[in-house]
Amino acid sequence: MLLFAAMVTSIAAAGFLALSMDVHWEQVRSDPQCSPRMVRLLRVLGAACVLASLVLCLGADHVSMASLVWFMTLAGAALVVTFTLSWRPRWLRPLVMWIPATTAREEAGRS
């Protein structure tokens with residue numbers, strides 16, 4: 001169960017980090033660009049999810065095996081997010097649906 005949670009957390013991390021880039025943001029959302037504050041928040045969330053996936057892997061196995069599994073979950077998550085962005089980018093929308101569209105546009109206009 002911990003390894004499944006680590007994989008889901010790794011996918012969320014890769015998704016947050018990908019969506020912090022304008023190109024991928026535009027693929028997923030209809031907003032022209034994400035505000036600099038939201039970019040920082042998405043990157044922090046991505047980093048926090050990477051750390052959480054490491055902690056979950058460490059909880060499931062001993063250190064030498066957990067580090068291997070963690071790297072593999074990160075590689076697998078990167079592939080999942082890459083293929084999702086190239087095939088069905090809107091499937092990543094649940095990661096950023098909590099950000100109101102008007103807020104993203106207003107903050108982008110202010111910066």
Side-chain angles (χ1 to χ4, degrees):
M1 190 66 184
L2 286 177
L3 293 178
F4 178 75
M7 188 65 201
V8 170
T9 308
S10 294
I11 292 171
F16 283 132
L17 292 172
L19 292 174
S20 69
M21 295 182 230
D22 287 336
V23 173
H24 301 309
W25 178 266
E26 290 173 6
Q27 282 181 294
V28 174
R29 297 280 299 252
S30 59
D31 307 337
Q33 76 181 69
C34 188
S35 71
R37 192 178 104 197
M38 283 298 158
V39 168
R40 281 190 301 276
L41 178 62
L42 289 171
R43 288 179 182 166
V44 166
L45 285 172
C49 286
V50 167
L51 181 63
S53 69
L54 173 62
V55 169
L56 288 167
C57 286
L58 287 170
D61 285 316
H62 52 88
V63 176
S64 61
M65 183 56 86
S67 62
L68 174 67
V69 170
W70 180 59
F71 280 117
M72 297 307 292
T73 61
L74 291 177
L79 280 173
V80 166
V81 170
T82 300
F83 291 147
T84 303
L85 282 170
S86 66
W87 185 52
R88 299 270 195 249
R90 300 272 181 191
W91 285 5
L92 293 178
R93 181 172 272 176
L95 290 175
V96 291
M97 62 192 257
W98 51 272
I99 301 173
T102 56
T103 305
R105 273 192 224 117
E106 289 171 2
E107 289 178 5
R110 278 189 240 152
S111 299

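For the numbers below, each heavy atom of this structure counts, side chains included, while hydrogens, waters and symmetry mates do not.
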Atom pairs and distances, donor-acceptor, side-chain atoms in residues 3-14, under 3.5 Å, two or more places apart:
residue: Thr9; atom: OG1; partner: Ala5; partner atom: O; Å: 2.6
residue: Ser10; atom: OG; partner: Ala6; partner atom: O; Å: 3.0
residue: Ser10; atom: OG; partner: Ser53; partner atom: OG; Å: 3.4
residue: Ser10; atom: OG; partner: Thr73; partner atom: OG1; Å: 3.3

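Here Phe83 is tied into one hydrophobic group with Leu79, each link being a pair of ILVMFWY side chains closer than 4.5 Å.
The CG atom of Asp61 sits 7.5 Å away from atom SG of Cys57, with the distance rounded to the nearest 0.5 Å. Rounding to the nearest 0.5 angstrom, the gap separating the CE atom in Met1 from the CG atom in Leu56 is 10.5 Å. For the atom pair Cys49 SG and Leu74 CG, the distance stands at 11.0 Å (nearest 0.5 Å).
For residues 31-73, no residue pair satisfies the ring pair (Phe, Tyr, Trp, His ring centres under 6.0 Å) rule, not counting sequence neighbours.
Between Trp25 and Val39 there is no side-chain heavy-atom pair separated by less than 4.5 Å. In this structure, the side chains of Leu95 and Leu42 stay at 4.5 Å or more apart for every pair of heavy atoms.
Residues that satisfy the side-chain contact (heavy atoms from CB on, under 4.5 Å) test with Leu41, not counting sequence neighbours, are Met38, Leu45, Trp98. By the side-chain contact (heavy atoms from CB on, under 4.5 Å) test, Leu85 is found to be paired with Ala18, His24, Gln27, Val28, Val81, Pro89, Leu92, residues two or more places apart in sequence or in another chain being considered. For Trp87, the ring pair (Phe, Tyr, Trp, His ring centres under 6.0 Å) test picks out Trp91, with sequence neighbours left out.
Under a hydrophobic clustering in which Ile, Leu, Val, Met, Phe, Trp and Tyr are joined whenever their side-chain heavy atoms come within less than 4.5 Å, directly or via other members, Val69 and Leu54 fall into different clusters.
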